[in-house]
Amino acid sequence: MTALAAPTTPPVTVSDAARAPRLAWLRERGMGATILVSAISTAFGVVLLSATGYISVVLAANPMYGKSDTMTAVLMLLSGILLAVAVYVAAIVTANTFSTIIAGRTRRIALLRLIGATARSQRAEVATQGLAVGAIGAVLGLVLTTLAMLPAVPLLDRALGVTSNWSPVQATLLVPAVAVALTTWIAAWSGSRRVLTVTPLQALGGAVERSREEIAEGRGRKAAAVVLGVIGAVLLAGGLLLGLLNPIGVLVAFFGGLFSFTAVSISAVSIMPPLLKATGRFFGKSVTARLAAENAVRYPERSSRMAIGVVMGVALVVMFAVAAESAKSLVTASSGGEPDAAFNQMMDTFSTVMMCLVAVSAVIAAVGLVNLLTIGIVQRKRELGLLRALGLTSAQIRRMVLIEAAHVTVTALLFGLVLGVLYGWVAAQSLLGSVAMPPLWQSPTFVAPAIPLLPVAIVIVATAALTLGAAVAPTRIATRTVPVEALSE
């Protein structure tokens with residue numbers, strides 16, 4: 001009688017779906033994180049453009065550099081590349097977030113289909129929501145960062161001993177805000193493609209992620225990944241060959257890396273499951289470890305979305321570290337084994353600055369991991385309730401979620417390290433391959449890859465901290481799940 005009298009969550013009805021408040025979706029899990037990602041990306045772009053503008057004004061006042069636009073052009077090019085990388089990472093994180101949100105909305109979308117809504121209208125609604133949250137985040141990032149720059153400029157003038165008279169309120173700062181808002185809109189449209197496959201019959205179920213068998217049947221994504229992968233490989237090889245003649249080969253290699261990593265991102269649902277299965281063996285054979293490993297592999301889309309952002313963040317940081325270390329090793333070897341202290345200091349400073357800048361992209365990826373892991377736990381409440389009903393304790397549920405997070409991040413860390421070393425060596429080789437080095441002063445030059453231990457150790461420690469941080473909110477939600485209420489959903 002107690003079980004029969006227990007409170008239950010009323011099922012979602014057609015009228016409930018139709019009468020939902022127009023802005024209720026803003027409170028949905030994932031929307032807040034998308035706004036945060038958009039705000040961070042816009043703030044990063046505003047800081048880059050502001051720094052470039054300020055440095056240009058300061059250099060113009062210097063008689064030594066004032067008549068040359070080369071330094072300004074280099075700074076603008078570097079800022080543009082870094083902003084493009086941050087927006088690229090944000091786009092993938094946003095697309096993955098909306099894909100997970102759509103999986104949780106399957107039942108509501110199916111109910112709306114029952115009362116006459118079309119799949120295209122539902123997808124257009126999701127894309128509009130993406131544009132809205134992207135615009136909100138972009139405006140917040142633009143306004144807050146611009147306000148922070150107002151007192152920062154006088155402080156910089158005083159520290160450098162200059163009078164720049166540069167105003168941080170510039171029309172060009174709208175560029176990153178507009179770019180981020182439009183990118184979020186496109187990413188939401190891309191991530192909501194599952195809407196087209198939702199049928200009214202699915203109103204009987206809950207959150208739906210495609211299984212391994214269903215993914216294996218899809219050929220369009222595999223074809224796109226193969227095409228992009230081939231283009232990326234050709235550009236990477238072309239960059240290496242061109243780099244033997246001219247340092248401009250690094251630009252060709254950059255686009256090769258962009259295409260090849262996009263191919264990796266698209267085909268992550270095929271690449272990550274075998275890697276996850278291999279690393280799952282390191283977590284033991286306990287009940288919680290086996291459940292966590294199976295959860296990571298059973299629905300590869302969910303795990304791949306969580307992992308690919310971490311892969312990107314790790315690969316970006318390690319890439320710059322390996323490129324700088326390879327350049328230092330080349331100069332040391334060419335000077336008879338004696339390191340050049342001045343050159344090493346310059347490269348260490350450059351690599352530190354670049355790693356700090358690309359770390360913004362890593363932060364965006366980390367936000368995506370925490371967000372997707374939390375959404376996944378919320379959408380699996382029924383499954384967690386069943387496990388509690390079968391006898392698993394709160395401690396075991398907590399351990400299972402933590403192992404699942406560790407499983408994904410460890411796999412992503414190892415994969416990201418491999419890609420980072422590869423891309424870093426390609427960057428160093430394509431940039432320095434045409435430079436004649438002593439003692440023979442001949443080119444082409446072969447650049448041996450070198451792996452810096454300290455940056456790699458920092459990446460590993462940061463990934464461990466990310467794992468613990470990412471599991472805090474999901475474990476709290478998972479352990480508070482009441483079996484009766486969860487099973488009634």
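These numbers come from a predicted model, not from an experiment. The figures here come from the full heavy-atom set of this structure, side chains too, leaving out hydrogens, waters and symmetry mates.
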Visitor: Hey, are the side chains of Phe415 and Val310 touching, using non-hydrogen atoms and a 4.5 Å cut-off?
Guide: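 Side-chain contact under 4.5 Å: no.
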Visitor: Report yes if the side chains of Leu431 and Pro247 come closer than 4.5 Å at any heavy-atom pair, otherwise no.
Guide: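 Yes, close enough: below the 4.5 Å cut-off.
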Visitor: Between Pro455 and Val317, is there a side-chain heavy-atom distance shorter than 4.5 Å?
Guide: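 No; the side chains remain at least 4.5 Å from each other.
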Visitor: Under 3.5 Å, side chain of Gln429 to main-chain N/O of Val447, donor-acceptor pair present?
Guide: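 Yes.
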Visitor: Counting only heavy atoms not in Leu414 (residues, nucleotides, ligands), do more than 12 fall under 6.0 Å from its CG?
Guide: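 Enclosed: over 12 neighbouring heavy atoms sit under 6.0 Å from CG of Leu414.
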Visitor: Any side-chain to backbone donor/acceptor pair from Thr118 onto Ser121? Under 3.5 Å, distance only.
Guide: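 It does hold such a pair.
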Visitor: Could you pull out all residues at least two apart from Thr411 that satisfy side-chain hydrogen bond (donor to acceptor under 3.5 Å, both in side chains)?
Guide: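 Partners of Thr411 by the side-chain hydrogen bond (donor to acceptor under 3.5 Å, both in side chains) criterion, ordered by chain and then number, come out as Thr279.
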Visitor: Do Thr145 side-chain atoms and Leu142 backbone N/O form a donor-acceptor pair below 3.5 Å?
Guide: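 Not at all, since once roles are kept as given, no pair shorter than 3.5 Å links the two residues.
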Visitor: With a 6.0 Å cut-off (strictly less than), is the heavy-atom count around CG of Leu155, excluding the residue itself, greater than 12?
Guide: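 Yes, because the 6.0 Å sphere around CG of Leu155 holds more than 12 heavy atoms from other groups.
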Visitor: Report yes if some heavy atom in the side chain of Leu242 is under 4.5 Å from a heavy atom in the side chain of Ser430; otherwise report no.
Guide: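 Heavy-atom side-chain distance check fails, nothing below 4.5 Å.
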Visitor: If we only count heavy atoms from C-beta on, is the Leu432 to Thr445 side-chain gap below 4.5 Å?
Guide: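 The answer is no, as the side chains (C-beta and beyond) never meet within the 4.5 Å cut-off.
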Visitor: Is it true that the side chains of Ser329 and Thr332 contain a donor and an acceptor less than 3.5 Å apart?
Guide: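 Absent: no donor and acceptor within the cut-off.
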Visitor: Would you check if Phe261 and Ile266 make a side-chain contact, meaning some heavy-atom pair closer than 4.5 Å?
Guide: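 They are not in side-chain contact.
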Visitor: Supply the atom-to-atom distance Ile460 CD1 to Thr409 OG1, rounded to the nearest 0.5 angstrom.
Guide: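 So the CD1 of Ile460 and the OG1 of Thr409 are separated by 12.0 Å.
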Visitor: Could you go through residues 248-260 and list every donor-acceptor pair under 3.5 Å that involves a side-chain atom there, pairing it with any protein atom two or more places apart or in another chain?
Guide:
| unit_1 | atom_1 | unit_2 | atom_2 | d |
| --- | --- | --- | --- | --- |
| Ser260 | OG | Gly256 | O | 2.9 |
| Ser260 | OG | Gly257 | O | 3.0 |
| Ser260 | OG | Tyr423 | OH | 2.7 |

Visitor: Quick check: are there more than 12 heavy atoms from other residues, nucleotides or ligands sitting under 6.0 Å from CH2 of Trp189?
Guide: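 Counting neighbours around CH2 of Trp189, more than 12 heavy atoms of other residues, nucleotides or ligands fall under 6.0 Å, so yes.
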Visitor: Does the side chain of Leu417 reach to within under 4.5 Å of the side chain of Val456, using non-hydrogen atoms?
Guide: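 Answer yes - side chains close enough.
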Visitor: Between Thr183 and Tyr88, do the side chains contain a donor N or O and an acceptor N or O under 3.5 Å apart?
Guide: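 No - no donor-acceptor pair under 3.5 Å links their side chains.
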Visitor: Please check this pair: side chain of Ser50 against backbone of Pro168, looking for a donor-acceptor N/O pair closer than 3.5 Å.
Guide: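 The answer is no, because no donor-acceptor pair under 3.5 Å joins these two groups.
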Visitor: Report the distance from atom CG of Leu236 to atom CG of Leu241, rounding to the nearest 0.5 Å.
Guide: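 Going from CG on Leu236 over to CG on Leu241, the span is 11.0 Å.
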Visitor: To the closest 0.5 Å, what do you measure between CD1 (Ile458) and CG (Leu454)?
Guide: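 Separation between the atoms: 4.0 Å.
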Visitor: Are Leu275 and Met272 side-chain neighbours, meaning at least one heavy-atom pair lies under 4.5 Å?
Guide: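 When only atoms from C-beta onward are counted, Met272 and Leu275 do touch, with a gap below 4.5 Å.
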Visitor: If you measure from NE2 on His407 to CD on Glu404, what distance do you get to the nearest 0.5 Å?
Guide: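 It is 9.0 Å, given to the nearest 0.5 Å.
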